[in-house]
Amino acid sequence: MLAEPFSHPALLYRGEPEYVAATTAFVRQGLAAGEPVAVAVPARNLALIEAALGPEAKAVRLLDMGEAGRNPGRIIPAVLRDFADEHADEHVRIIGEPIWPGRTTTEYPACAQHEALINLSFAGRHVTILCPYDLAALAPKVIEEAARTHPVLRDASGERRSPAYAPQLVIDAHNRPLDEPPECPSLRFDSGNLSAARALAAREAATLGFAGDRLDDVRLVVAELGANSLDHGGGSGTIRVWFADGRLVCEVSDAGHITDPLAGRSPVDPRQAGSRGLLIVNLLSDLVRVHSTPEGTTIRAYFDAPRRR
């Protein structure tokens, strides 16, 4: 018999011993029940859990969230749904840690929205996703928003309902205008010169050392964003490209409005017709930020610049 439907507790912990004890207990409970278990946490924490589990770790899918979830917009389709859909007829357990002290202020809004959107993506599914939060190292605002994005809070004293649970508030709070970039190359495009938008992004990327497959990723992301502008953004858009904080940033803005909160975060059957643009953008980018209102949409795709010799 399947276990209870979707559960999404936040694990509020202090210190490594508490973290390891809580996460390994969660894993072992799943293994004892014959449930598929995955752990997606930053590399350092992954090593702690793997060492504590010992031989039992071989029965768990272990993922470095610093790689698999570098872009928070990639976590639902490529980490959580990928594992849950593989075991669609079973109750699955996942530890997902998308927010850690090394996350930047540019990344955090996308992380918070991701945590809120988990509740929409998995509603009614037989899945339990435990999300650890470091009380000692994360800012108070982060912990406050964890209480809004998780219906259940778990700590050393036990488990309780979150009285602050209101995920839509977090989604809306971070759907705000993005900071204005420095003066940078830009281009207004439509169906007649979309290739010029791709070329602009590729040229700027190449000057930063992008090459091979990664340069192709930049081209493809800009192509998909541009195609979305043509199809859903009024038939035209504007691209701007710049470099900031070690990243190439490609921004596309248009007159469209994204109304589906899970756009770009749901896996698509390759046999199914239709657009996969935003999903491709999330899968290939190192960070994606979105601001969308009835007046228009701005999407920024960030790519970590290659390390120069």
Side-chain angles (χ1 to χ4, degrees), residues 1-69 74-100 114-135 146-147 149-162 165 167 262 265-267:
M1 179 179 292
L2 292 173
E4 74 281 354
F6 176 60
S7 178
H8 185 208
L11 171 63
L12 309 178
Y13 72 92
R14 291 184 184 275
E16 285 183 7
E18 196 170 299
Y19 177 88
V20 172
T23 55
T24 54
F26 177 84
V27 169
R28 287 182 170 123
Q29 288 166 4
L31 295 178
E35 299 170 346
V37 181
V39 175
V41 301
R44 184 175 181 277
N45 290 344
L46 191 67
L48 293 173
I49 294 173
E50 185 175 12
L53 288 174
E56 292 173 290
K58 295 179 181 178
V60 179
R61 179 174 297 178
L62 302 173
L63 298 168
D64 176 4
M65 188 65 97
E67 294 294 332
R74 187 191 303 152
I75 298 174
I76 288 176
V79 178
L80 306 181
R81 281 285 304 274
D82 181 66
F83 185 72
D85 292 353
E86 187 178 319
H87 305 280
D89 296 329
E90 303 173 84
H91 184 275
V92 304
R93 289 182 179 234
I94 306 171
I95 299 177
E97 188 172 3
I99 301 175
W100 56 85
H114 155 75
E115 284 283 56
L117 290 169
I118 286 176
N119 301 289
L120 296 179
S121 181
F122 287 92
R125 296 284 300 268
H126 289 274
V127 179
T128 299
I129 302 174
L130 179 71
C131 302
Y133 283 79
D134 188 339
L135 291 172
T149 56
H150 295 78
V152 174
L153 304 177
R154 184 180 298 183
D155 57 24
S157 64
E159 190 172 281
R160 63 191 183 278
R161 292 284 177 185
S162 173
Y165 180 62
L262 291 173
R265 298 172 191 259
S266 298

d(Asp134 CG, Glu16 CD) to nearest 0.5 Å is 9.5 Å
In this structure, CG of Asp82 is separated from CD1 of Ile76 (nearest 0.5 Å) by 13.0 Å
Heavy atoms of Gly69 and Ile75 approach each other most closely as CA-CG1, 3.6 Å
TODO: Please tell me if the side chains of Arg154 and Tyr13 come closer than 4.5 Å, counting only heavy atoms from C-beta onward.
DONE: no
For the pair Ser162 (side chain) and Ala147 (backbone), establish whether a donor and an acceptor sit closer than 3.5 Å, ignoring hydrogens and angles. yes
Q) Side chains of Arg93 and Leu130: does their closest heavy-atom pair fall under 4.5 Å? A) no
Residues Ile95 and Val41: closest non-hydrogen pair is CG2-CG1, 3.8 Å
- Query: Is there a donor-acceptor pair under 3.5 Å between the side chain of Asn119 and the backbone N or O of Thr149?
  - Reply: yes
So CZ of Phe83 and CD1 of Ile129: to nearest 0.5 Å the spacing works out to 11.0 Å
Look at the side chain of Asp155 and the backbone N and O of Leu12, then say whether any donor-acceptor pair between them is shorter than 3.5 Å. no
For Ala146 and Leu153 the tightest heavy-atom approach is O-CD2, 4.4 Å
Does any non-hydrogen side-chain atom of Glu97 lie less than 4.5 Å from one of Pro132? yes
In short, Gly66 meets Trp100 closest at the heavy-atom pair CA-CH2, 4.0 Å
Any heavy-atom pair between the side chains of Val27 and Glu56 that's under 4.5 Å?
no
Next item on the list: Begin with the C-alpha distance, continue with both residues' side-chain angles, and end with the deciding distance and a verdict on side chain to side chain contact (heavy atoms under 4.5 Å, CB included) for Val79 and Arg74.
Entry: CA-CA 7 Å; Val79 178; Arg74 187 191 303 152; 5.8 Å; no
Assess the residue pair Phe6 and Ile118 against the criterion (side chain to side chain contact (heavy atoms under 4.5 Å, CB included)); give the C-alpha distance rounded to whole Å, side-chain angles, the decisive distance to 0.1 Å, and a yes or no.
CA-CA 10 Å; Phe6 176 60; Ile118 286 176; 3.7 Å; yes
Requested in this report: Start with the C-alpha gap between Asp85 and Arg125, add the side-chain angles, then the distance that decides, and say whether salt bridge (charged side-chain N to carboxylate O under 4.0 Å, His left out) holds.
Outcome: CA-CA 10 Å; Asp85 292 353; Arg125 296 284 300 268; 3.0 Å; yes
**Study point:** side chain to side chain contact (heavy atoms under 4.5 Å, CB included) assessment of Thr128 paired with Phe26
**Key:** CA-CA 10 Å; Thr128 299; Phe26 177 84; 3.7 Å; yes
Would you say Arg28 and Val37 make side-chain contact, with heavy atoms under 4.5 Å? no
With a 4.5 Å limit on heavy-atom distance, are the side chains of Ile94 and Phe122 in contact?
no
d(His8 NE2, Glu115 CD) to nearest 0.5 Å is 4.5 Å
Glu90 and Gly34 have their tightest heavy-atom pair at OE1-O, 4.2 Å
Counting C-beta onward and ignoring hydrogens, is there a side-chain heavy-atom pair between Val39 and Thr23 closer than 4.5 Å? no
Could you walk me through whether His91 and Val127 satisfy the side chain to side chain contact (heavy atoms under 4.5 Å, CB included) test, starting with their C-alpha distance in whole Å, then the side-chain angles of each, then the deciding distance to 0.1 Å, before giving a yes or no? CA-CA 6 Å; His91 184 275; Val127 179; 5.7 Å; no
Rounded to the nearest 0.5 Å, the CZ atom of Arg81 sits from the CG atom of Leu262 at a distance of 9.0 Å
dist Ile99:CD1 -> Met65:CE (nearest 0.5 Å) comes out at 10.0 Å
Sorted by chain and residue number, the salt bridge (Lys or Arg N to Asp or Glu O under 4.0 Å) partners of Arg14 (sequence neighbours excluded) come out as none
Exercise. Could you tell me whether the side chain of Arg265 reaches within less than 4.5 Å of the side chain of Leu120, counting heavy atoms only?
Key: no
